[in-house]
Amino acid sequence: MIHAFPRRLYKADTAEAARRLLGCRLVREVDGERMAGIIVETEAYLGTEDLGCHSARGRTNRTEVMFGPPGHAYVYLIYGMYYCLNVVTRPEGDPQAVLIRAMEPVEGLERMRGNRSRRRRRSSPADRELANGPGKLCEALGIDGSFNGIDLAGKALRIELMPPVPDRDVAAGPRIGIAYAGEWADKPLRFWIRGNPCVSTKE
DNA sequence: TATACGATCACCT
DNA sequence: GGTGATCGTATAC
């Protein structure tokens, strides 16, 4: 029996949720067709104190859903071109989230290739490069700003609980692309499955 | 109203 | 190793 990732795990602790999401399945259903992948890389963003977290700048239109209930999607546009998918964590009013950075495609690869080939590019991406980054993952699954705020236990997009990845196969390190965040830039809040070919950057 | 820049990616040398 | 694409957001005026 497949279960949705439990809301209490989103609610309890963001870094632990980020680590526990490794190995779980991200499933997208569109036109009765399924796409799915194994989450292999995540990052924890710890709210108002965390200078790398959008909500550290306060409650705005963009960050509004992070202040809402856990288990919902926070989707934002980055660099004017790409979307990033997060899961909101912690109780309402504590604006934290986990960024889903990469997944290993396991189902619906044909459709993912189609989604990833819309943009101008020389050649079709290799399977391991379909979703090995936060922007690519959203492009492969057809996730855009209209998904902002939706429940991630719903039909169109959901996360399914899988057995935990053993500690020996989990690595942690600094988050990507937040050099501006002072001491927060160095904290080991990025998690990935050691040796997995679909992780976004060199380990 | 104006401006600088970002939780990225693909292509270039 | 470097850089352009492209636009919403935060911040400054």
Side-chain angles (χ1 to χ4, degrees), chain A residues 10 14-15 17-19 21-22 26 37 39-68 72-90 94-105 112-149 152 159 171-192 197-203:
Chain A
Y10 290 129
T14 304
R19 186 246 176 273
L21 280 164
L22 297 176
L26 180 58
I39 296 170
V40 300
E41 183 183 355
T42 59
E43 284 178 357
Y45 285 86
L46 304 188
T48 56
E49 304 293 306
D50 178 359
L51 296 180
C53 184
H54 292 159
S55 62
R57 313 250 169 187
R59 188 167 187 158
T60 65
N61 273 344
R62 179 172 64 154
T63 60
E64 185 60 31
V65 301
M66 260 201 282
F67 287 80
H72 288 239
Y74 166 46
V75 179
Y76 66 92
L77 180 70
I78 185 65
Y79 295 104
M81 312 179 70
Y82 301 100
Y83 291 95
C84 290
L85 171 68
N86 298 255
V87 197
V88 174
T89 57
R90 302 288 294 146
D94 189 359
Q96 305 194 19
V98 174
L99 172 66
I100 310 297
R101 282 194 60 88
M103 72 173 188
E104 180 179 330
M112 292 187 209
R113 278 185 213 107
N115 288 343
R116 289 272 285 123
S117 300
R118 276 178 219 283
R119 215 178 287 269
R120 295 191 206 109
R121 51 179 297 140
R122 290 193 174 282
S123 58
S124 180
D127 288 353
R128 73 171 55 177
E129 293 176 347
L130 283 173
N132 65 335
K136 298 184 220 179
L137 182 149
C138 284
E139 192 170 62
L141 295 178
I143 295 169
D144 62 19
S146 69
F147 286 72
N148 192 37
L152 281 177
I159 296 176
R175 294 171 292 179
I176 306 293
I178 56 158
Y180 59 85
E183 62 178 4
W184 284 91
D186 302 322
K187 295 184 185 293
L189 293 173
R190 171 176 171 248
F191 303 90
W192 67 93
C198 299
V199 169
S200 67
T201 70
K202 293 280 182 180
E203 304 168 20

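Chain identifiers are assigned alphabetically (A, B, ...) following the order of the sequence lines, protein sequences preceding nucleic acid strands; residue numbering begins at 1 within each chain. Any value given below was found using the heavy atoms of this structure, including those in side chains, with hydrogens, waters and symmetry copies removed.
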Thr201(A) and side chain to side chain donor-acceptor pair (under 3.5 Å): which single residue from Glu41(A), Arg101(A), Arg190(A) fits? Arg190(A)
Rounded interatomic separation in angstrom, taking CG from Leu99(A) and P from dG6(B): 16 Å
Scan Gly135(A) against the nucleic acid and name what it touches under 4.0 Å (heavy atoms): base, sugar-phosphate only, or nothing. sugar-phosphate
Compare the minimum distances between each of dT8(B), dA5(C), dC7(C) and the side chain of Arg101(A), then state the nucleotide with the smallest one. dT8(B)
Select one nucleotide: of dT8(B), dA5(C), dT11(C), the one nearest the side-chain heavy atoms of Arg57(A). dT11(C)
Stacking between Tyr45(A) and dA7(B), defined as ring centres under 5.5 angstrom apart with planes under 30°, is that present or not? yes
Which value, in whole Å, describes the distance between the C1' atoms of nucleotides dC5(B) and dT3(C)? 15 Å
Any side-chain heavy-atom pair of Trp184(A) and Leu46(A) under 4.5 Å: yes
With distance as the sole criterion, do the side chain of Tyr79(A) and the base of dA5(C) form a donor-acceptor contact below 3.5 Å? no
Please give, in whole Å, the distance from dC11(B) P to Tyr82(A) OH? 9 Å
Between Tyr76(A) (OH) and dA10(C) (P), how many Å, whole number? 13 Å
Looking at every strand, decide which applies to Ile176(A) at a 4.0 Å heavy-atom threshold: base, sugar-phosphate, or nothing. sugar-phosphate
Interatomic distance where NZ belongs to Lys136(A) and P belongs to dC11(B) [whole Å]: 10 Å
To the nearest Å, how far apart are Asp144(A) CG and dC7(C) C1'? 15 Å
Please tell me if His54(A) has a side-chain N or O lying less than 4.0 Å from either OP1 or OP2 of dT9(C). no
Under 4.0 Å between a side-chain N/O of Thr60(A) and OP1 or OP2 of dT9(C), yes or no? no
For atom P, what is the distance between dA4(B) and dG4(C), given to the nearest Å? 16 Å
Using a 3.5 Å distance criterion without hydrogens, assess whether the side chain of Ser55(A) forms a donor-acceptor pair with backbone atoms of Pro95(A). yes
Pair assignment for DNA chain B - dot-bracket with | for other-strand partners, Watson-Crick or G-U under 3.5 Å: ||||||.|||||.
Are Arg62(A) and Arg57(A) close enough that some pair of their side-chain heavy atoms sits under 4.5 Å apart? no
Does the side chain of Tyr82(A) come within less than 4.5 Å of Pro134(A)'s, by heavy atoms? no
Spell out, as yes or no, whether a donor-acceptor pair under 3.5 Å connects the side chain of Asn148(A) to the backbone of Val75(A). yes
Give Gly177(A) one of three labels, base, sugar-phosphate or nothing, depending on what nucleic acid heavy atoms sit under 4.0 Å from its own. sugar-phosphate
Hey, is the main chain of Tyr45(A) close enough, under 3.5 Å, to the side chain of Asp50(A) for a donor-acceptor pair? no
To the side chain of Leu77(A), which of dC7(C), dA5(C), dA7(B) is closest? dC7(C)
Interatomic distance, Gln96(A) CD vs dA7(B) C1' [rounded to whole Å]: 15 Å
By the 4.0 Å heavy-atom rule, please label Asn86(A) as base, sugar-phosphate, or nothing. base
Kindly check if the number of other-residue, nucleotide or ligand heavy atoms within 6.0 Å of CZ (Arg128(A)) is above 12? no
In whole angstrom, give the distance that lies between atom OH of Tyr83(A) and atom C1' of dT9(C). 14 Å
Would you mind reading off the distance between Asn148(A) atom CG and dT9(C) atom P, rounded to a whole angstrom? 10 Å
Picking from dA5(C), dA10(B), dA7(B), the nucleotide nearest the side-chain atoms of Met81(A) would be dA5(C)
Hey, which sits more toward the 5' end of DNA chain B by its nearest nucleotide, Arg116(A) or Ile178(A)? Ile178(A)
